[in-house]
Trainee: 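Starting off with a structure, shown below.
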Amino acid sequence: MADFRVLARAHGFIKLAEVLLAAVCLGLIRHYDLHFGGDITTGSYQDRYLCGIITIGGFILVSLPLLLSYIWGEAGTYQTLLEMIYNFTGMVLFLTAGSLALDYYNSYKATGGSPDAGKALGALCIINGFFYLTDTVLAVRHSYAT
């Protein structure tokens, strides 16, 4: 049976916010054809782009099932060590992707595109990185409480 009360608890609300922010970031990338910068001739463009896309898409694939397991799972499905690893990795990768996007769109000189949407993407990724940091701290606190 679904227990939506978990969304009123800190870890459920934060996990929902992480998924929603990542979905908004993915929507921005698709709608505005955003990138993460780099030089096409040296290959850094592909590296930066893949870092951003894999971070956003990958953590939707990680965080959404975790959120669903909180809502529809058995009591005790919260695995503290796994949460700490996922959340810390998410924090590092979202801060990196946000920094790459902001770096590119703060010095954006090409015609076309939308530098404001690119800056919004970078800011949302960094905000999501701080949500993952908060989730990591909550997981560490949960490990000491049990």
Side-chain angles (χ1 to χ4, degrees), residues 2 4 6-73 77-146:
F4 290 100
V6 74
L7 298 176
R9 295 185 203 122
H11 69 275
F13 173 78
I14 289 174
K15 196 60 71 183
L16 177 64
E18 291 165 355
V19 170
L20 291 177
L21 279 173
V24 169
C25 289
L26 198 56
L28 284 172
I29 290 170
R30 296 285 296 151
H31 186 269
Y32 292 101
D33 192 29
L34 299 177
H35 305 282
F36 293 88
D39 184 12
I40 292 176
T41 59
T42 63
S44 65
Y45 170 81
Q46 288 87 1
D47 294 340
R48 291 171 69 129
Y49 187 73
L50 287 174
C51 176
I53 293 295
I54 289 171
T55 296
I56 295 167
F59 275 92
I60 287 176
L61 292 175
V62 168
S63 296
L64 186 60
L66 286 173
L67 177 63
L68 294 176
S69 75
Y70 297 163
I71 295 171
W72 280 286
T77 58
Y78 188 83
Q79 297 181 7
T80 308
L81 180 61
L82 189 63
E83 285 283 332
M84 286 190 286
I85 293 168
Y86 283 155
N87 292 330
F88 182 77
T89 306
M91 176 200 63
V92 170
L93 289 175
F94 269 102
L95 291 176
T96 301
S99 298
L100 291 174
L102 285 176
D103 174 58
Y104 178 62
Y105 286 103
N106 278 332
S107 61
Y108 189 73
K109 294 177 178 56
T111 58
S114 179
D116 289 337
K119 291 175 186 176
L121 169 67
L124 287 175
C125 284
I126 288 175
I127 290 168
N128 210 4
F130 284 111
F131 272 113
Y132 276 99
L133 171 64
T134 305
D135 212 357
T136 303
V137 170
L138 289 176
V140 169
R141 287 184 59 205
H142 185 268
S143 73
Y144 287 118
T146 56

Trainee: How far does CD1 of Ile71 sit from CG of Leu16, to the nearest 0.5 angstrom?
Mentor: 7.5 Å
Trainee: To check you understand the geometry: which heavy-atom pair defines the closest contact between Ile60 and Ala22, and what is its length?
Mentor: CG1-CB, 3.4 Å
Trainee: To check you understand the geometry: which heavy-atom pair defines the closest contact between Ala10 and Leu138, and what is its length?
Mentor: CB-CD1, 3.7 Å
Trainee: Identify the two heavy atoms, one from Thr96 and one from Cys51, that lie closest to each other, and give their separation to 0.1 Å.
Mentor: CG2-SG, 4.0 Å
Trainee: Could you walk me through whether Phe59 and Leu93 pass side-chain contact (heavy atoms from CB on, under 4.5 Å), step by step?
Mentor: CA-CA 9 Å; Phe59 275 92; Leu93 289 175; 3.6 Å; yes
Trainee: What I'd like to find out is whether the side chain of Met91 reaches to under 4.5 Å of the side chain of Thr134, using heavy atoms alone.
Mentor: no
Trainee: Minimum heavy-atom separation for Ala97 to Gly52, with atom names?
Mentor: CB-CA, 4.0 Å
Trainee: Measuring from atom CD1 of Ile53 to atom CD of Gln46, what distance do you get when rounded to the nearest 0.5 angstrom?
Mentor: 13.0 Å
Trainee: Using side-chain contact (heavy atoms from CB on, under 4.5 Å), reason through Val6 and His11 one step at a time and then give a plain yes or no.
Mentor: CA-CA 8 Å; Val6 74; His11 69 275; 4.0 Å; yes
Trainee: Test side chain to side chain donor-acceptor pair (under 3.5 Å) on His35 and Tyr45; report intermediate values, then the result.
Mentor: CA-CA 9 Å; His35 305 282; Tyr45 170 81; 2.7 Å; yes
Trainee: Verify whether one side chain among Ser114 and Asp116 offers a donor that lies under 3.5 Å from an acceptor in the other.
Mentor: no
Trainee: Nearest 0.5 angstrom please: Ile126 CD1 to Ser99 OG, how far?
Mentor: 4.5 Å
Trainee: Is it the case that Tyr132 and Thr89 place a side-chain donor and acceptor less than 3.5 Å from each other?
Mentor: no
Trainee: Taking Leu121's backbone N and O only, do any of them form a donor-acceptor pair with Tyr105's side chain (distance below 3.5 Å, no angle check)?
Mentor: no
Trainee: Checking Thr80 side chain against Ser143 main chain: does a donor-acceptor pair fall under 3.5 Å?
Mentor: no
Trainee: Working to the nearest 0.5 angstrom, can you tell me the gap between Leu133 CG and Ile14 CD1?
Mentor: 9.5 Å
Trainee: Go through Leu124 and Asn128 one step at a time and tell me if the side-chain contact (heavy atoms from CB on, under 4.5 Å) criterion holds.
Mentor: CA-CA 6 Å; Leu124 287 175; Asn128 210 4; over 6 Å; no
Trainee: The test is side-chain contact (heavy atoms from CB on, under 4.5 Å); show your working for His142 and Val137 and say whether it passes.
Mentor: CA-CA 9 Å; His142 185 268; Val137 170; over 6 Å; no
Trainee: What distance separates Phe94 CZ from Glu18 CD, expressed to the nearest 0.5 Å?
Mentor: 8.0 Å
Trainee: How many angstroms lie between SG in Cys125 and CD1 in Ile56, if you round to the nearest 0.5 Å?
Mentor: 4.0 Å
Trainee: Give me the atom names and distance for the closest heavy-atom approach of Lys15 to Tyr70.
Mentor: CE-OH, 3.9 Å
Trainee: Check the angle between the aromatic planes of Trp72 and Phe4 and answer parallel, tilted or perpendicular using the 30° and 60° thresholds.
Mentor: perpendicular
Trainee: Quick check: does any side chain N or O of Ser107 sit under 3.5 Å from a backbone N or O of Asp103, one acting as donor and the other as acceptor?
Mentor: yes
Trainee: Taking C-beta and beyond as the side chain, do Tyr49 and Phe36 meet within less than 4.5 Å on heavy atoms?
Mentor: yes
Trainee: Where is the tightest heavy-atom contact between Ala139 and Met84, given as atom of each residue plus distance?
Mentor: CB-CG, 3.6 Å
